[in-house]
**Student:** 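Structure incoming, see below.
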Amino acid sequence: CVLVIIAAAWLGGPRAMRWARDRAAQGSQAADADAGATAQELYQRATERLRVYSRAGNVDRAIAQLELALQQQPEYPLADARLSLAYWRKNALSPDEQWQKQVRAHADRAVAGDSNLAVAHIAHGLAFSLRGDYDSASAAYDRAATLDPNNWELLWRKGDLEVARKGPDDTAEEALTQKWEERHKG
């Protein structure tokens, strides 16, 4: 392990060291910026990070921001719903029972906090889907559709659900196309 670090430092030289120092400074600047932010600002920042979930560190940073938002405002169903989705994404990247428990817990809190919040039902649907309870997931997504029928995230999740039901031989594109056509018939 020490040899790998020495080799990386030797190969990368001063440029690699500057890069590592700059990355550490960016992380502390982001934490400093979050310290004075309101719960709503933290929610917005986390939502933006989750839109680019593939960027290294975005999911973990979004989780930290949402947890801070919930510390500031414990009764914040929208943040609970988004935190559930963030933990779902974290579980998708590195499956772990602790992330799955967080998905369920925050989805349950979001729905209990505001049953008229579409994203709460989307999170609930993901929690059910994660357990393999596709019928309950579908019911949660249907409830979300009555609240916000044009939600892009809902359409994406319904497509994922259809793929999960059909199995890996069917494509997501087929499932999404079918749902889109059903939804937009004359």
Side-chain angles (χ1 to χ4, degrees), residues 30-31 33-34 37-165 172-173 175-176 179-180 183:
D34 290 345
T38 66
Q40 290 74 22
E41 290 169 334
L42 291 164
Y43 173 83
Q44 289 297 328
R45 292 174 189 173
T47 299
E48 289 304 314
R49 284 186 186 282
L50 290 171
R51 286 192 177 126
V52 192
Y53 64 86
S54 60
R55 185 174 293 155
N58 270 8
V59 173
D60 289 331
R61 189 78 200 118
I63 288 170
Q65 289 171 321
L66 290 164
E67 287 176 344
L68 183 57
L70 285 165
Q71 286 174 11
Q72 290 180 13
Q73 188 177 333
E75 300 300 319
Y76 192 2
L78 191 57
D80 269 314
R82 192 62 61 191
L83 186 53
S84 175
L85 298 175
Y87 275 115
W88 177 84
R89 181 61 64 192
K90 184 168 183 76
N91 185 70
L93 295 171
S94 60
D96 190 310
E97 181 60 31
Q98 71 176 345
W99 309 142
Q100 295 169 23
K101 286 179 184 176
Q102 293 291 339
V103 170
R104 291 189 295 269
H106 288 285
D108 289 345
R109 277 180 43 110
V111 170
D114 187 348
S115 63
N116 291 317
L117 191 59
V119 71
H121 292 283
I122 293 170
H124 223 205
L126 277 172
F128 287 127
S129 186
L130 201 56
R131 292 194 304 243
D133 185 353
Y134 301 135
D135 291 337
S136 295
S138 183
Y141 294 153
D142 289 345
R143 175 66 177 135
T146 64
L147 297 168
D148 187 2
N150 296 317
N151 186 305
W152 65 269
E153 196 167 18
L154 175 61
L155 183 59
W156 183 6
R157 299 301 170 218
K158 281 186 146 193
D160 287 346
L161 179 61
E162 291 304 313
V163 169
R165 281 183 163 165
E173 182 178 358
L176 286 171
K179 283 293 178 188
W180 181 264
R183 192 170 179 206

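Predicted model, so just to flag it, every value in this text is computed and none were measured. No hydrogens, no waters, no symmetry mates; every other heavy atom, side chains included, goes into these values.
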**Student:** Check each of Ile63, Leu126, Val103, Val59 against Arg89 using the side chain to side chain contact (heavy atoms under 4.5 Å, CB included) test, and report the only one that passes.
**Tutor:** Val59
**Student:** If you measure from OH on Tyr76 to CG on Leu83, what distance do you get to the nearest 0.5 Å?
**Tutor:** 12.0 Å
**Student:** Quick one: CG on Leu85 to CG on Asp80, what's the gap to the nearest 0.5 Å?
**Tutor:** 11.0 Å
**Student:** Quick one: CG on Leu161 to OH on Tyr134, what's the gap to the nearest 0.5 Å?
**Tutor:** 7.5 Å
**Student:** In terms of side-chain geometry, is the basic nitrogen of Asp135 or Arg165 positioned less than 4.0 Å from the acidic oxygen of its partner?
**Tutor:**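 A salt bridge is present here (some side-chain N lies under 4.0 Å from a carboxylate O).
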**Student:** Can you tell me how far the CZ atom of Arg104 sits from the CD atom of Gln100, to the nearest 0.5 Å?
**Tutor:**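 So the gap between those two atoms works out to 6.0 Å.
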**Student:** Please check if the number of heavy atoms outside Glu75 that lie under 6.0 Å from its CD is greater than 12.
**Tutor:**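 No, CD of Glu75 has 12 or fewer neighbouring heavy atoms, counting only those of other groups under 6.0 Å.
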**Student:** Do the rings of Tyr87 and Trp99 sit parallel, tilted or perpendicular, given the 30° and 60° boundaries?
**Tutor:** parallel
**Student:** Run the salt-bridge test on Glu48 and Arg51 with the 4.0 Å N-O cut-off and return the result as yes or no.
**Tutor:** yes
**Student:** Can you tell me how far apart CZ (Arg61) and CG (Asp34) are? Round to the nearest 0.5 Å.
**Tutor:**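 Here the interatomic distance stands at 4.0 Å.
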**Student:** How are the rings of His121 and His124 set to each other: parallel, tilted or perpendicular (split at 30° and 60°)?
**Tutor:**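 Rings of His121 and His124: perpendicular, over 60°.
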**Student:** With rounding to the nearest 0.5 angstrom, report the CG to OG1 distance, Leu68 to Thr38.
**Tutor:**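 Here the rounded value is 10.0 Å.
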